Amino acid sequence: MTTTLDQQPRNTTSVPIHEALARRWSPRGFDAEYVLPEEDLTALGEAARWAPSAGNRQPTRFIVAARGTESFDRILGALMGFNQAWTPRASLLIVAIAELERDGKPLRWAEYDLGQAVAHLSIEAESRGLHVRQMGGFRVDELRAAFDLAPELEPVSLVAVGKLADAEDVPEAIRERDAAPRTRRDLAELTIVRDVRAGSPRHP
Ligand SMILES: Cc1cc2nc3c(=O)[nH]c(=O)nc-3n(C[C@H](O)[C@H](O)[C@H](O)COP(=O)(O)O)c2cc1C
């Protein structure tokens, strides 16, 4: 039997949450041979497309590049640090771009809307047996130049999508990082005010 890296425990929660959220995590040990089926690729786009946005202005833009393409290599060229080590294994790289301004007016929630679209994409990926790892560690100006982006289009993050590899196929440095424990603040630390009626203790 092959071992996979997907041995991270379910995210611990005080009450059950949706399966895809409970299982979601951000690995680096992607299967370097896996090719994303066209339908999965489209489904990720659809999940992002139907995310809510302020005034339904939909400021989300993507550059989508499959491993082996020139665009994929251009994105790799802008990566920083350890991202250079693990990212080439992903099946797909997405540049998540916010349209910051339209018709001379700022779109104030553009980055918030973009983040939400990527969150929906991530959960769709998880529900399809894929994984996502996002990145802020890239040189924005280089990426902007590589794709000749207009000034109002801001590359905010990169999104690597892929399938987990068998553990023995992943270099040790990547495997070690993926095996590190994942932690979270307590729910109470997130909540500045919790003013709920007695008898509804399950509401956050
Ligand atoms: C905006 C953003 C930027 C991130 N930047 C990087 C990065 O440059 N390199 C990396 O390996 N992980 C990066 N991550 C992944 C986070 O480190 C990871 O999501 C976090 O440690 C929580 O782990 P989990 O997603 O497995 O729960 C980033 C995540 C986000 C949302």
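Values in this document were obtained by computation on a predicted structure and should not be read as measured data. Both counts, for ligands and for their atoms, begin at 1 and track the order of listing.
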Legend entry - Region of Ser26 engaging ligand 1 - heavy atom pairs below 4.0 Å: both

Legend entry - Check ion pair Asp178-Arg28 (N to O, under 4.0 angstrom): yes

Legend entry - Glu101/Lys105 salt bridge by N-O under 4.0 Å criterion: no

Legend entry - Heavy atom of protein inside 4.0 Å of atom 6 (C) of ligand 1, strictly below: yes

Legend entry - Carboxylate-amine/guanidinium contact Arg175 Glu168, below 4.0 Å: no

Legend entry - Pro155 vs Val95 side-chain heavy atoms within contact, under 4.5 Å: yes

Legend entry - Contact partition for Arg184 relative to ligand 1, non-hydrogen atoms under 4.0 Å: side chain

Legend entry - N-O pairing of Arg144 and Glu154 below 4.0 Å: yes

Inset, instruction - Using a 4.0 Å heavy-atom cut-off, say whether Phe82 meets ligand 1 through its side chain, its backbone, both or neither. - result: neither

Inset, instruction - Considering only protein heavy atoms, determine whether one is less than 4.0 Å from atom 1 (C) of ligand 1. - result: no

Legend entry - Closest candidate by heavy atom, reference atom 11 (O) of ligand 1, pool Arg133, Gln134, Arg182, Met135: Arg133

Inset, instruction - Tell me, please: is Trp86 in heavy-atom contact with ligand 1, that is, under 4.0 Å? - result: yes

Legend entry - Protein residue, atom and distance nearest to atom 3 (C) of ligand 1, heavy-atom basis: Gly136 N, 3.3 Å

Inset, instruction - Mark whether atom 19 (O) of ligand 1 lies under 4.0 angstrom from at least one protein heavy atom. - result: yes

Inset, instruction - Return yes when Arg177 approaches ligand 1 closer than 4.0 angstrom through a heavy atom, no otherwise. - result: no

Legend entry - Arg24 with Glu126: basic N within carboxylate O range, under 4.0 Å: no

Inset, instruction - Heavy-atom contacts with Gly137 under 4.0 Å: which atoms of ligand 1 show up? List them by number with element. - result: 8 (O)

Legend entry - Sub-4.0 Å atoms of ligand 1 with respect to non-hydrogen atoms of Trp25: 26 (O)

Inset, instruction - Would you please determine whether Met80 falls within less than 4.0 Å of ligand 1 on a heavy-atom basis? - result: no

Legend entry - Verdict with reasoning, Val161 to Ile94, per side-chain contact (heavy atoms from CB on, under 4.5 Å): CA-CA 8 Å; Val161 185; Ile94 300 171; 4.2 Å; yes

Inset, instruction - Find the distance between CG (Asp31) and CG (Leu164) and round it off to the nearest 0.5 Å. - result: 9.0 Å

Inset, instruction - Please state which part of Asn83 comes within less than 4.0 Å of ligand 1, counting heavy atoms only: side chain, backbone, both or neither. - result: side chain

Inset, instruction - May I ask you to decide if the ring planes of His131 and Trp25 are parallel, tilted or perpendicular, using 30° and 60° as cut-offs? - result: perpendicular

